[in-house]
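Since the structure comes first, as structure tokens, the remarks are kept for the end.
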Amino acid sequence: MTDRQHFLTSRDNPTPAAAFDVSWRGLFLAAGIAAFLFVGLLIAALIIDFITPPPVHGGTATLEFIAANKGPYIAEQLLWILPGILPVVVFVALYVALGPLSRSWALLATIVGALPWALLLAVPVSSRGSLSLIYLSDRYMGAAPGERSVFATAAEAIIAENNTPAIAGLLSPLGILLISLVMLKGVFPRVLAWLGILTGAFGLLSEALRFVAPEFYWVYGILLWAWFITVGVSLIRLPSKTPEQAGNGTVREGTS
């Protein structure tokens with residue numbers, strides 16, 4: 001079978017058909033584990049949120065809540081924010097796996113999909129709070145009653161920004177949608193590609209309507225977790241080949 005025939009077969013095969021240099025095995029394994037950890041840590045944050053739900057409105061109420069529940073609040077915010085590095089690892093691994101099929105689209109999807117998660121580390125806010133509010137809470141509780149309004153007003157500003165839909169929120173589902181379209185060409189199971197297309201499309205809708213129809217966002221969250229878990233399993237199961245076999249080639253590079 002020629003390289004071109006193998007590539008065409010891989011595109012139509014709904015199961016993983018491409019084998020990669022064994023040197024990528026560590027990246028695929030790390031990305032698979034990162035996908036599992038990402039979902040697990042977010043579920044842990046959701047459990048804390050369910051037990052001690054923080055206010056999402058009101059500066060005074062929020063600062064007083066943090067003062068009374070500082071440990072759970074810090075833990076929840078860290079669990080929402082720090083895992084943001086893990087999807088970056090997943091998208092990089094997807095680029096390595098899918099780049100030979102369509103290098104330009106795979107790269108574009110990786111940048112678009114990974115960027116909003118990386119920004120979480122630079123701007124310590126989540127849809128359920130902010131690490132900056134912990135500092136304000138300490139200052140609020142230590143201030144005289146007549147001076148507390150200053151910190152409550154500052155907290156209101158952070159809460160307002162936190163509850164405002166951001167363009168960055170649309171990037172992640174867009175990246176998932178784009179990378180899933182590349183998946184239709186092969187390498188990964190076709191069902192994963194269609195799951196990603198559904199997740200990305202529904203994610204764009206739910207992010208746009210996040211504060212109008214919040215029930216959509218819950219469905220998107222479940223789809224997002226299912227997509228990451230399925231991606232993690234698929235990355236770990238990607239076949240490897242030895243350097244000697246690598247010279248034969250099993251995936252042709254795309255020109256797009």
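Any value given below was found using the heavy atoms of this structure, including those in side chains, with hydrogens, waters and symmetry copies removed. The chain is numbered in sequence order, starting from 1.
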(request) Not counting sequence neighbours, list each pair that qualifies as a side-chain hydrogen bond (donor to acceptor under 3.5 Å, both in side chains) and has a residue in residues 83-93. (result) none

(request) Return the set of residues passing ring pair (Phe, Tyr, Trp, His ring centres under 6.0 Å) with F202 (not counting sequence neighbours), or none when no residue passes. (result) F216

(request) Measure the spacing between OG of S130 and CD1 of I158 and express it to the nearest 0.5 Å. (result) 5.0 Å

(request) Verify side-chain contact (heavy atoms from CB on, under 4.5 Å) between T62 and H57, making sure each step is shown before the conclusion. (result) CA-CA 7 Å; T62 299; H57 303 289; over 6 Å; no

(message) Using every non-hydrogen atom in the two residues, find where A143 and F151 come nearest and quote the distance to one decimal.
(response) CB-CE1, 3.7 Å

(request) To the nearest 0.5 angstrom, please state how far the OG atom of S234 sits from the CD1 atom of I229. (result) 11.0 Å

(request) Would you check if I48 and T52 make a side-chain contact, meaning some heavy-atom pair closer than 4.5 Å? (result) yes

(message) Once side-chain hydrogen bond (donor to acceptor under 3.5 Å, both in side chains) is applied, do any residues pair with Y140, and if so which ones, sequence neighbours excluded?
(response) E64

(request) Please name the pair of heavy atoms, one in L195 and one in W227, separated by the smallest distance, quoted to 0.1 Å. (result) CD2-CA, 3.9 Å

(request) Can you measure from CG (L107) to CG (L98) and round to the nearest 0.5 angstrom? (result) 12.0 Å

(message) Assigning hydrophobic clusters by single linkage (Ile, Leu, Val, Met, Phe, Trp, Tyr; side-chain heavy-atom cutoff under 4.5 Å), is V89 placed with V39?
(response) no

(request) Say whether L224 and V88 are linked into one hydrophobic cluster, either directly or through other cluster members, by side-chain heavy-atom distances under 4.5 angstrom. (result) yes

(message) According to side-chain contact (heavy atoms from CB on, under 4.5 Å), who are the partners of I222, at least two apart in sequence or on a separate chain?
(response) none

(message) Suppose the criterion is salt bridge (Lys or Arg N to Asp or Glu O under 4.0 Å): which pairs have a residue in residues 38-61, not counting sequence neighbours?
(response) D49-R128

(message) Run the side-chain contact (heavy atoms from CB on, under 4.5 Å) test against A44 and tell me which residues pass, sequence neighbours left out.
(response) L79

(request) In sequence, state the C-alpha distance, the side-chain angles, and the governing distance for L86 and V90, and then conclude on side-chain contact (heavy atoms from CB on, under 4.5 Å). (result) CA-CA 7 Å; L86 300 175; V90 174; 5.7 Å; no

(message) Using every non-hydrogen atom in the two residues, find where L131 and Q77 come nearest and quote the distance to one decimal.
(response) CD2-CB, 3.6 Å

(request) Rounded to the nearest 0.5 Å, what's the gap from CD1 on I134 to CD1 on I74? Could you check? (result) 4.0 Å

(message) Check for me, please, whether I43 and I51 land in the same ILVMFWY cluster - side-chain distances under 4.5 Å, paths through other members count.
(response) yes

(request) With rounding to the nearest 0.5 Å, note down the distance linking CG in L94 to CD1 in I176. (result) 9.5 Å

(message) Counting C-beta onward and ignoring hydrogens, is there a side-chain heavy-atom pair between F36 and I236 closer than 4.5 Å?
(response) yes

(request) For L235 and A31, work out which heavy atoms get closest and say how close. (result) CD1-CB, 3.7 Å

(message) Using only atom types and a distance under 3.5 Å, with no angle test, would you say the side chain of S137 pairs donor to acceptor with the backbone of L133?
(response) no

(message) Taking ring pair (Phe, Tyr, Trp, His ring centres under 6.0 Å) as the definition, give me every residue that meets it alongside Y220, ordered by chain and number, with sequence neighbours left out.
(response) Y217

(message) Filter on salt bridge (Lys or Arg N to Asp or Glu O under 4.0 Å), then keep only pairs touching residues 139-157, sequence neighbours left out; what's left?
(response) none

(request) Say whether W218 and I47 are linked into one hydrophobic cluster, either directly or through other cluster members, by side-chain heavy-atom distances under 4.5 angstrom. (result) yes

(message) Let me confirm one number: the CZ-OH distance from R103 to Y95, rounded to the nearest 0.5 Å.
(response) 4.5 Å

(message) List the residues meeting side-chain hydrogen bond (donor to acceptor under 3.5 Å, both in side chains) with N69, not counting sequence neighbours, and say none if there are none.
(response) none

(message) Between L41 and L82, is there a side-chain heavy-atom distance shorter than 4.5 Å?
(response) no

(request) Output all residues satisfying side-chain contact (heavy atoms from CB on, under 4.5 Å) with L178, sequence neighbours left out; order by chain, then residue number. (result) W105, L108, A109, L174

(message) Could you work out, with side-chain contact (heavy atoms from CB on, under 4.5 Å) as the rule, every residue matching L42, not counting sequence neighbours?
(response) F38, W80, W225

(request) Only pairs at least two apart or in different chains count here, so list each side-chain hydrogen bond (donor to acceptor under 3.5 Å, both in side chains) that has a residue in residues 175-184. (result) none

(request) Taking all non-hydrogen atoms of both residues into account, name the closest pair between L184 and A193 and its distance. (result) CD2-CB, 3.6 Å

(request) For F228 and P87, work out which heavy atoms get closest and say how close. (result) CZ-CB, 3.8 Å

(request) Verify the cluster assignment for V182 and L177: are they in a single hydrophobic cluster under the rule of side-chain heavy atoms below 4.5 Å apart? (result) yes

(message) Applying side-chain contact (heavy atoms from CB on, under 4.5 Å) to M141 and L63, what does each step give before you reach the verdict?
(response) CA-CA 8 Å; M141 297 304 296; L63 296 181; over 6 Å; no

